[in-house]
Structures are given as structure tokens and as C-alpha cells.
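Following: one structure in C-alpha cells, then a few remarks.
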2 protein chains.
Amino acid sequence: MRRDVFQAIADPTRRAIIGLIAIQAMTPNALAEYFDTTRQAVSKHLQILTECEIVRQEQTGREIYYHFNPGKMKEVADFVEPFRQLWEKRFDQLDHVLRKIKTTKK
Amino acid sequence: MRRDVFQAIADPTRRAIIGLIAIQAMTPNALAEYFDTTRQAVSKHLQILTECEIVRQEQTGREIYYHFNPGKMKEVADFVEPFRQLWEKRFDQLDHVLRKIKTTKK
DNA sequence: CTATTGCGCAACCAAAAAGTTGCGCATATA
DNA sequence: TATATGCGCAACTTTTTGGTTGCGCAATAG
């Protein structure tokens, strides 16, 4: 089972969950109200997000609050970053970018 | 069929293809040599990347070169950007970030 | 103690994705 | 022309997802 950040943000519902949780920690029930699905479905997404460590649980009595952990998002940023110059200034300083990609990968 | 950038970069093989093609345009056969799969499998990934407009075809005789189109990568960068401050300086200027997320979404 | 609420977990289902195989078309080579 | 190459496309199989339903457990409320 592939469980990385890229898989986590591939689903639009999960991206929305991340957006909501980044604003404030929430319980599965509270989150489910924002979507047109059941609590269990949201719960499954939260499980995936937890496995990817994008989200962190915090039990308070019988409620479980899910907090956002921004750390993993950096991985995505790091992947996109080398391409930035390609879309900002195209065909300019190209070899510098490529050297950057080569050393980053592998 | 969901066809967006996030789906495109969810697969590690596709991320590798993007990395290779960003360095220089390649044909499916040339690409396939880098991976432990068939040309057709690579071809399918290229098809998906083409639909997402991350990659662009260019026919030269009987060969088809796939070029990288960095434009779509910006969408990913735009998604991650609002969270940047959360992982750089945590709990600092938080409400500014949140306002940013709120206006970006929906 | 009993009832209710908030959960996770396991089993099951339908849909989508990833990969394979076989084909046909167009270009290049002899 | 005959043959080989590079490719896309379609059909099919297997694996992975996203979702639902039903259960049981722990914590609160009465």
C-alpha cells in the first residue's frame, strides 16, 4: 500500500479536509458535516492522512481532534520547487535548473 | 475519470517521468528503458500526463517526443503555498495564513 | 447501572487505476 | 515492394480506492 504525501493530496476530499483542519483542529463528525458523505468515509480519509503524518490525533475525552501537521507538506513543495524557474522564466537559466533537478533526484 | 495535476503526480513513476522529461524531451521507448515496465505502461502514463497538459507531444517522423510543460506544476505550488508559513514559522502570523487559505479555497 | 454518543475497525462492493497483450497504422530502411 | 521500427489504441486482468454497513468499545449523561 503506497502511503505518501502525494497519494494523500491526490483526492479532492482529502485536500479539503487538510484545508479545514489547517484552520482549526476538528473531530470526524464535525468534518463530515462539510461533505456529502458519511462519518466513516471521512474517517477513512483521516486514517490515510494520519498514516502520511499530515494529520495528528489528539484524544479529548471520547472525542478525537485531528490537528494539521504542516511538516509533510514541505515534501510536496520540495518536489515542485525545482520546476518553478521553468514556469516563471522559461528557457532562461535552464541548465542551472536542470543541475538542481539532477542532484535532487535519486 | 479524474484528471488533474494532483492525480498526475500521485504516481511515483509519473513523477520520475516528469523529472526525466524536464531535463530533455524523450520518446516512450527511451523513457521505458529507465523503468522496469513495458513501453505500453509508460505510454499510458504519458497519456495521462498529456491529458493533464503536464506533457506535450511533438511528432518527428515516426517518433513522438514528449516535452515538459511546466505551467500545470504551478497549480500544485499554489496549493502548497498557503501552508508554507505553517511549516516555516509555526504559530506565528497564523491568522494571516488562515485568511489566505480561506480566500484561496472555493 | 443504563442509555447515548463519538469513535475505530472489519467486511463487503462498486468503480477506477495500473499493467499486459495483441493489433493496426505510419514511417523508415533494404 | 517487403521488412522492421515506433507508436497509439482497444480489450482484458489484477490491484487499489472510496464508499457503505454493522459491530464493539470507551466515555459521558441520566
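Naming convention: chains lettered A, B, ... in sequence-line order (proteins, then strands); numbering from 1 in each chain.
In summary, B:Asp11 and B:Arg15 do not engage in a salt bridge, as defined by a charged side-chain N under 4.0 Å from a carboxylate O.
Under the 4.5 Å side-chain heavy-atom criterion for Ile, Leu, Val, Met, Phe, Trp and Tyr, B:Ile48 and B:Val5 are members of distinct hydrophobic clusters.
Note on residues 7-57 of chain B: no pairs pass ring pair (Phe, Tyr, Trp, His ring centres under 6.0 Å), not counting sequence neighbours.
Contact between the side-chain N/O atoms of A:His45 and the OP1/OP2 oxygens of D:dG19 is found at a separation under 4.0 Å. Listed pair A:Arg3 / D:dT16 fails the phosphate criterion, with no side-chain N or O lying under 4.0 Å from OP1 or OP2. Applying the 4.0 Å criterion to OP1 and OP2 of C:dG19, one finds that B:Thr37 has every side-chain N and O outside that range.
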With the sugar-phosphate defined as primed atoms, P, OP1 and OP2, and the base as all remaining atoms, what B/S/- string results for nucleotides 4-11 of chain D, 5' to 3', for protein heavy atoms under 4.0 Å?
BBSBBB--

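Distance B:Leu49 CG to C:dA18 P: 10 Å, rounded to the nearest Å. The nearest whole Å value for the distance from the CZ atom in B:Arg14 to the C1' atom in C:dG19 is 12 Å. Atom-to-atom, CG of B:Leu31 to C1' of C:dG19 comes out at 17 Å; the value is rounded to the nearest Å. To the nearest angstrom, P of D:dT15 lies 17 Å from CG of B:Asp11.
Here the CD1 atom belonging to B:Ile9 is positioned 13.0 Å from the NZ atom belonging to B:Lys72, to the nearest 0.5 angstrom.
Relative orientation of the A:Phe79 and A:Phe6 rings is perpendicular, given thresholds of 30° and 60° on the angle between their planes.
B:Thr37 has its side chain out of reach of B:Thr13: every pair of non-hydrogen atoms, C-beta onward, lies at least 4.5 Å apart.
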